[in-house]
Amino acid sequence: KTFNQLLVPSASSEWDIGRLGHRREVSRKLFGRISAYSRMYKLSNLCAEEQVSFTFLEWLSQSCQSAEKSLKQKVKKPKIASAAIYADIESAEKLLNFVHQDLLDNIDKDSVAQLDGDASDMTNFLTFQVGDSISKPQKLDDADEIQKFLNTVFEANKPDLLDEWLKTNFSLPTLQIRRKRRRLADEDLSKLKGEEVSFLLLQSYIELERKLEGLASTLAKWVPRLSASSGSPKLWKTLFTEGQKPSFLWENLVSRCCQIWSHSHVVSCRLWILSEGREEKLDLVKVVRFLINSSTFNAVNVESFVDIPMALDESAWGRSEDTVRSATKFALDCLLTFDYERKLRSRNELPDCIVLLLLIARLGRKQVQFVSGSIMDRLRNEEGDNRNWLLLSLLRLYACFPFSMNLGAVALRTNLKEAVEICANDWLSWRSPMDDSLQDMVEASLSINSSPRSVQSLVDTAKKHPLLLLRKLDRIIYLLERDALALGSAVTKDESSVVVGKSLDGSLSAVVQGKPLKVDVKHWGYNYTETIWMAVLDVVSAVPNEVLFGCALKMGLTDLLDAYLRLVFIQSQLRTSDRLSKLKGRLTEFFELFKTNNEKTWDTWLSSSNCDLSSLGAIRNVMMSCGFISHEQALENIKKAHKSESE
């Protein structure tokens, strides 16, 4: 078994004589060399068995013979005919004589070394020694000696030697026997502490010019394990210092520490970061990620943010104003230092700095207001992209904690409205704990059997949280269009609330299978539920004007108005047009507010085309046909459109 292990490719590769091939080839070459060595020095003539043994040589011989028997015999190729120069004996003799004489003339006899040797001396082999071997430290409590050893190992790139030394001297036993506990304690006293060795390892790696992957893997394995129970400020400072290269190693190292460190060590390190770490130049990404990973409540996208269980000791750092201020500062500095635009606009892939802010905000209403106040303070001094990122952060905070924000502050409402105008399309897809409740309220209020109380609750929501309600405009439009679908013969509605239109031309005549029939052709808009369409106008009109005719225009308000225009235009062509007076009156008031609050967007909307009434051209033509604007107002809008195009 030992001989077999010596000949495997992984073992033969360490002989440092190049590639030898497979095991069969290694056996043949080794057998040939040892046999030649034995014949040259006549080892077989020795009688003393203690001086030489042929057991390995005999095993090699049997191995080679068995390998040859297993091989299939190959067909031998015909030998090539000898060259013409060897055709006869005389020519061959002349050639050999010439070569022999030439070699004798050119040989320097002084340079020829005589191979003499005694067979008895050649049987004693010398022990193989590694050149320039690294001496291991004799004392495990001497930091200078250990540091010198580590520097030598790192410069020589010996990760295996380093791993073996650490495993032998600093690996903790899995099971501790009671009778050896006192002796183990005495041995531990004569060693450096694990955090000290971890610090020395990191220092040696930092001073290394060429940082190789093998040493990095050894660090990632041993630094967290050695410092599992406790740490020191100098170790933490080394781990989180800004500018450490390569960055992926240090980020991985911090993540491993969060997994392996004890709870008390994590708490101590976090307290140091949030207190003394504020004065140091720490890497923001690593700090933010450590604060997130060291938290046991790191899920931010949950269905309900009420009564989330968490241990008091885990959330204690988030209940002190100093630590919350420090953590918020780290998160906001990280936000403004790196480019997180794509993640800030994303629905699911939040940047770490935003996750940390949301984790702090989850601790209570005071934390939410503190974080929002810190963002507001920075907004006063920032411009350009930095201001946009802060606005998006504030909007994300509002989406997750709408009931904890102080919406009574005018500045906060203004900043939220500005943030929605920056990312209106992205804002529609973000998560909020109010999504499900708003969906249910819209469905209940816009049904045939809706009650005035349900509509009033939706109106109150439109006043308090207009930005969240306007995200449901697409759902509201869908319900309105479904309500205006043509009724089938088997479908009936309450006649008091449903307006059913009839064509001005009356029923059409048709012949089916030879029988005359009266046919009423109906399509979308022939009937609608008046209470539903009026309720939507009541809810939308409750939204503050600065929001309704500002950012709401980017969230689908014009699509809602298009649906109303189509309904009014179709109903005006039917016999039931007299029932439109109430709905048209409310729409007229709404259009006047639109024009008064945002005249520029009003003119742009009038000049746009209605996709569902493309034959009529621009919106102003539909408005004029329905009686919402006069011919003079339509001509004035055309002049403004031509003027803006020429400019």
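We use all heavy atoms of the structure for the numbers below, so side chains are in, but hydrogens, waters and symmetry mates are not.
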S.K.: Less than 4.5 Å apart, any side-chain heavy atom of S255 and any of N293?
M.R.: yes
S.K.: Between the side chain of R387 and the main-chain N/O of G384, is any donor-acceptor distance below 3.5 Å?
M.R.: no
S.K.: Can we say E546 and K417 salt-bridge, meaning some charged N sits less than 4.0 Å from an Asp/Glu carboxylate O?
M.R.: no
S.K.: Strictly below 4.0 Å, N to O, side chains only: are E443 and K472 in salt-bridge contact?
M.R.: no
S.K.: Any donor and acceptor pair, going by atom type alone, linking the side chain of S450 with main-chain N or O of L446 inside 3.5 Å?
M.R.: no
S.K.: Testing the basics here: between E421 and K554, what is the closest heavy-atom pair and its distance to 0.1 Å?
M.R.: O-NZ, 3.1 Å
S.K.: Heavy atoms only: give me the nearest N621-L616 pair and the separation to one decimal.
M.R.: ND2-O, 2.7 Å
S.K.: Would you check, one step at a time, whether the test side-chain hydrogen bond (donor to acceptor under 3.5 Å, both in side chains) holds for S204 with Q147?
M.R.: CA-CA 7 Å; S204 299; Q147 183 73 75; 2.7 Å; yes
S.K.: For the residue pair F569 and F628, is the inter-centroid distance of their aromatic rings smaller than 6.0 Å?
M.R.: no
S.K.: Would a 4.5 Å heavy-atom cut-off, applied to side chains only, mark L359 and L291 as touching?
M.R.: no
S.K.: Between R431 and D435 (salt bridge meaning N to carboxylate O under 4.0 Å), is one present in this structure?
M.R.: no
S.K.: With a 4.5 Å heavy-atom cut-off, do L253 and L202 have their side chains touching?
M.R.: yes
S.K.: Are K286 and D352 within salt-bridge range, i.e. N to O under 4.0 Å?
M.R.: no
S.K.: Taking side chain as C-beta onward, heavy atoms only, is F594 less than 4.5 Å from L553?
M.R.: yes
S.K.: Determine whether L344 and S393 satisfy the following criterion, side chain to side chain contact (heavy atoms under 4.5 Å, CB included), listing intermediate values before the conclusion.
M.R.: CA-CA 7 Å; L344 283 172; S393 304; 4.2 Å; yes
S.K.: Give a yes or no on whether the backbone of T238 and the side-chain of Q244 come within a donor-acceptor separation of less than 3.5 Å.
M.R.: yes
S.K.: Tell me whether S457 contacts the main-chain N or O of S454 through its side chain, where contact means a donor paired with an acceptor under 3.5 Å.
M.R.: yes
S.K.: Looking at side-chain heavy atoms only, is the closest gap between D559 and D474 below 4.5 Å?
M.R.: no
S.K.: Is there a side-chain hydrogen bond (donor to acceptor under 3.5 Å, both in side chains) between E195 and S232 once you walk through the steps?
M.R.: CA-CA 7 Å; E195 60 267 24; S232 59; over 6 Å; no
S.K.: If only atom types and distance count, is the side chain of S326 paired as donor or acceptor with the main-chain N or O of D322 below 3.5 Å?
M.R.: no
S.K.: For a 4.5 angstrom cut-off between non-hydrogen side-chain atoms, does V254 reach R289?
M.R.: no
S.K.: Which atom names give the shortest non-hydrogen contact between R586 and M534, and what distance separates them?
M.R.: CG-CE, 3.4 Å
S.K.: Quick check: closest heavy atoms across R413 and L407, and the distance to 0.1 Å?
M.R.: NH1-O, 2.9 Å
S.K.: Calculate, to the nearest 0.5 Å, the distance between atoms CZ and CG belonging to F401 and L358 respectively.
M.R.: 5.5 Å
S.K.: Test your reading of the model: is there a side-chain donor-acceptor pair from S608 to the backbone of W605, 3.5 Å cut-off?
M.R.: yes
S.K.: Strictly below 4.0 Å, N to O, side chains only: are K600 and D603 in salt-bridge contact?
M.R.: no
S.K.: Does the side chain of L468 come within less than 4.5 Å of W427's, by heavy atoms?
M.R.: yes
S.K.: Do side-chain atoms of W261 reach the backbone of S227 as a donor and acceptor pair under 3.5 angstrom?
M.R.: yes
S.K.: Take atom NZ of K193 as the centre, draw a 6.0 Å sphere, and report whether it contains more than 12 heavy atoms from other residues, nucleotides or ligands.
M.R.: no
S.K.: Look at E349 together with R342 and state whether they make a salt bridge at an N to O cut-off of under 4.0 Å.
M.R.: yes
S.K.: Looking at K640, I want to see if its NZ is surrounded by more than 12 non-hydrogen atoms of other residues, nucleotides or ligands under 6.0 Å.
M.R.: yes
S.K.: Under the 3.5 angstrom rule, does the side chain of Y528 hit a backbone N or O of L480 as a donor-acceptor pair?
M.R.: no
S.K.: Between the main-chain N or O of F403 and the side-chain N or O of R365, is there a donor-acceptor pair closer than 3.5 Å?
M.R.: yes
S.K.: Would a distance-only check, ignoring hydrogens and angles, find a side-chain to backbone donor-acceptor pair under 3.5 Å from D483 to T529?
M.R.: yes
S.K.: Working note: D163 + T218, criterion side-chain hydrogen bond (donor to acceptor under 3.5 Å, both in side chains); need CA distance, chi angles, decisive distance, verdict.
M.R.: CA-CA 7 Å; D163 183 78; T218 306; 5.4 Å; no
S.K.: Using the rule given for side chain to side chain contact (heavy atoms under 4.5 Å, CB included), can you reason through L397 versus L357, listing the C-alpha separation, both sets of side-chain angles and the distance that settles it, and then say yes or no?
M.R.: CA-CA 8 Å; L397 189 66; L357 292 177; 5.5 Å; no
S.K.: List the steps and the verdict of side chain to side chain contact (heavy atoms under 4.5 Å, CB included) for L350 and R396.
M.R.: CA-CA 10 Å; L350 301 181; R396 182 77 71 168; 3.1 Å; yes
S.K.: Go through the steps for L166 and L201 under the test side chain to side chain contact (heavy atoms under 4.5 Å, CB included), then give the verdict.
M.R.: CA-CA 11 Å; L166 291 172; L201 285 170; 4.2 Å; yes
S.K.: For a quick test of reading the model, state the closest non-hydrogen atom pair linking A419 to L392 and the distance between them.
M.R.: O-CD2, 4.3 Å
S.K.: Is any side-chain heavy atom of L390 closer than 4.5 Å to a side-chain heavy atom of L336?
M.R.: yes
S.K.: Tell me the closest heavy-atom pair linking G231 and W236, and the distance in Å.
M.R.: C-CZ2, 3.8 Å
S.K.: Between the side chains of E481 and R566, is the shortest nitrogen-to-carboxylate-oxygen separation below 4.0 Å, so that they form an ion pair?
M.R.: yes
S.K.: To the nearest 0.5 Å, what is the distance between CD (E209) and CD (E155)?
M.R.: 9.0 Å
S.K.: Evaluate the side-chain hydrogen bond (donor to acceptor under 3.5 Å, both in side chains) criterion for residues N637 and S607: first the C-alpha distance (whole Å), next the side-chain angles of each, then the deciding distance (0.1 Å), finally the verdict.
M.R.: CA-CA 7 Å; N637 179 258; S607 301; 3.2 Å; yes
